[in-house]
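Every chain is numbered from 1, with letters handed out A, B, ... down the list of sequences.
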Amino acid sequence: MSAVPAGLATDQQPPMTVPLRYFLAGFAFLLAGGAVGLAHVLGAAPGFARSRTSTCCSRAGSVSPSWAR
Amino acid sequence: MTQFVPVWSNVPVHSRRLANAALALVAVGVAGLAGAFLAASVHWIHGFGGLLVLGVWAFAYNLARTLPPVREFDATEAHFAFALACFVALAALGFVLAFDLSTPVLPVAGVARPQVVGAHATLAVFGAILATVFGALYQLATMFTQTEIAGRERHLARVEYAYPAGVLALATGRLFAVRPLAAAGALAMAAGALAFAVLLGKKLYEGRVERTPMLSRYAVVAVALAAWSPLAAREWVADPLGRDALFGPTAGGHLLFVGVVGFVVMGSLYHVVPFIVWVHRYSDRLGFEQVPMIDDLYDDRLAAVDGALLTFGAVTLILGQTGVAPGQATIAGGVALAGGFVAFAANLVGVVYRHGRVLPERFHGRPENAD
């Protein structure tokens, strides 16, 4: 289809291993955040997550928890 | 950035050990901090928050040393440098906020807690995240449409430089509750974002290359950003310091976080994941045998389905929240978004599963190179 990467220099690989670890760690956190968000929707989240009243997503909650008001 | 900067600037990363250490610190810090928040344990918030700050600073230092000298910056590198500076500042503000939970230090400094929260959130979302997104798109949008920024478009790119300046002014204005400064910064920021949306849309329109799932998602980003920036400007001129207008229009959060950030991430992953798998599995065999192309690794129809579901879901959800569509639209939009995300994840997991050879050898029925 469209793109065969031109000028592949096979003796010099782009950095892969370290970024891959970042990706995997980030993905794990995404899943964990989703789980906490789900727990919040179900009303089962403990601690500081419980008192949130906003209707928005868990992502905004991580930067603006309601106890900061 | 750990991958993007070395590839784009064609330099080795400053220190691999530091990159690994930063990842470990951030991972332990974030996990611990989340746990401490859930347990409502103030002391653990300090401890893990400190680790997180160290990790973020180590990451920023490593990348700053990797970037070329300031004089040689292009648009991409300049945006990344700005984002790194925001990372450093927002981590420090975050630690002060955490410290303030047990020992009130902010009254001593003469600022109220909501002011610091506002500055912290502004730097995080508009400085660290969105500036990184813009920097990456400057390169990705031109590279994959095989176009370049030339002629009158340079003026657009120059207007876009109001964006980082605006973020700085908005964050400073919010930190010290200086209303005119915050409003001016917000206006500059929105103008810069709008200029960038026009630039991105123009590149995508000009590009005479085959549509890929990545490019169609970037088109959604351009539309969402163009819609978000005037709405945000209107909201912020009225009340730049307000809690409800932290990220622009009250109901526009999904426009920004799903329409812009979400679609950028998903569009880019539609290239990054197949590319990494392709390099690992097929690049060495190119020229020796038939190998699939990068864009053959994922399922085109599933990509079209998830793109349609996500776009429909986002639009319906936003219309429902703003009250244009009835309340049930919010629920329908949420369901469509969730369904689209599952289809997207399934498509990419399928790429890794079918082509990535992640399973041990004995699970593969037939030998690899049997002709």
Given a strict heavy-atom distance threshold of 4.5 Å, which part of [X] is in contact with chain A: side chain, backbone, both, or neither?
| X | result |
| --- | --- |
| Ile45(B) | side chain |
| Val116(B) | neither |
| Ala34(B) | neither |

In terms of heavy-atom proximity below 4.5 Å to chain B, should Phe29(A) be classed as side chain, backbone, both, or neither? side chain
Mind checking ring pair (Phe, Tyr, Trp, His ring centres under 6.0 Å) for Phe344(B) and listing every partner two or more places apart, or none if nothing turns up? Tyr270(B), Phe341(B)
Using the side chain to side chain donor-acceptor pair (under 3.5 Å) criterion, which residues pair with Thr145(B)? Sequence neighbours excluded. Thr147(B)
Expected output: side-chain Tyr22(A) to main-chain Met1(B) donor-acceptor under 3.5 Å: no
